[in-house]
Amino acid sequence: QVQLVESGGGLVQAGESLRLSCAASGRIGSINIMGWYRQAPGKQRESVAVITNGGTTNYADSVKGRFTISRDNAKNTVYLQMNSLKPEDTAVYYCKLRRGPSEYWGQGTQVTVSS
């Protein structure tokens with residue numbers, strides 16, 4: 001079993017920054033993919049950024065150049081540095097870990113960006 005605990009959300013103005021954290025515990029395994037997803041009210045959940053255990057990353061086009069995903073394997077923690085935030089970034093952000101065929105989700109953290 002895997003547990004994910006997220007933190008770092010909040011309310012900011014456009015152009016400001018936030019850093020989200022997701023701490024994983026349990027039977028994580030050495031080979032896994034962690035990622036950040038977001039869901040705005042009335043919209044489908046979408047992938048924001050993912051990172052492998054080896055550090056390979058992928059980003060949604062909408063956040064490239066503004067967001068950076070990273071991980072600290074020793075701490076089993078993944079981060080999402082969000083710069084130049086826009087109102088359209090407003091959503092609940094969820095952390096996900098995939099190990100083999102299994103997926104685990106965090107509880108979500110609210111990010112609100114005002115104009």
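- Residues Ala40 and Ala91 approach most closely at N-CB, 3.8 Å, considering heavy atoms.
- Between Leu80 and Ala49 the shortest heavy-atom distance is CD1-CB, 4.3 Å.
- Surrounding CZ of Arg98 are at most 12 heavy atoms belonging to other residues, nucleotides or ligands under 6.0 Å away.
- In terms of hydrophobic clustering, with Ile, Leu, Val, Met, Phe, Trp and Tyr side chains grouped at heavy-atom distances under 4.5 Å, Val48 and Ile69 are assigned to a common cluster.
- With hydrogens and angles disregarded, a donor-acceptor distance shorter than 3.5 Å links the side chain of Arg71 to the backbone of Thr52.
- By the criterion of side-chain heavy atoms lying less than 4.5 angstrom apart, applied directly or through intervening Ile, Leu, Val, Met, Phe, Trp or Tyr residues, Leu18 is not grouped with Tyr79; the two fall into different hydrophobic clusters.
- Relative ring orientation between Trp105 and Tyr94 is described as perpendicular, the plane-to-plane angle rising above 60° on a 0-90° scale split at 30° and 60°.
- Between Gln1 atom CD and Ser102 atom OG the span is 9.0 Å, to the nearest 0.5 Å.
- Not one N or O on the side chain of Gln81 forms a donor-acceptor pair closer than 3.5 Å with the backbone of Thr68.
- Closest approach of Thr90 to Gln110, counting heavy atoms only: CG2-NE2, 4.1 Å.
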*asked:* Go through it in stages, so that I can follow the logic: the residues are Arg38 and Ser62, the test is side chain to side chain contact (heavy atoms under 4.5 Å, CB included), and I'd like the CA-CA distance, side-chain angles, deciding distance and then a yes or no.
replied: CA-CA 12 Å; Arg38 66 187 182 187; Ser62 60; 3.4 Å; yes
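- Lys86 and Val113 make their closest contact through O-CB, 3.3 Å (heavy atoms, listed as atom of the first residue, atom of the second, distance).
- Judged by distance alone, the side chain of Asn53 and the main-chain N or O of Asn32 form a donor-acceptor pair under 3.5 Å.
- Under a 4.0 Å N-O distance rule, the pair Asp61/Lys64 qualifies as a salt bridge.
- Residues Cys22 and Met34 share a closest heavy-atom pair of SG-CE, 4.2 Å.
- Of the inter-residue distances, the one linking Ile28 atom CD1 with Leu4 atom CG reads 8.0 Å to the nearest 0.5 angstrom.
- Using a 4.5 Å heavy-atom threshold, the side chains of Met82 and Val111 count as touching.
- Nearest heavy atom pair, residue Arg27 against residue Val2, reads O-CG2, 3.4 Å.
- Looking only at side-chain heavy atoms (C-beta outward), Val50 and Tyr37 come within less than 4.5 Å of each other.
- Linking ILVMFWY residues whenever their side-chain heavy atoms come closer than 4.5 Å, directly or via other members, places Val12 and Val63 in the same cluster.
- Around atom CD1 of Ile31, no more than 12 heavy atoms belonging to other residues, nucleotides or ligands sit under 6.0 Å away.
- Note that OG1 of Thr57 and CZ of Phe67 are 14.0 Å apart. Values are rounded to the nearest 0.5 Å.
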*Starting from the C-alpha separation in whole Å, work towards a yes-or-no answer on side chain to side chain contact (heavy atoms under 4.5 Å, CB included) for Tyr59 and Ile51.*
CA-CA 9 Å; Tyr59 296 92; Ile51 185 168; over 6 Å; no
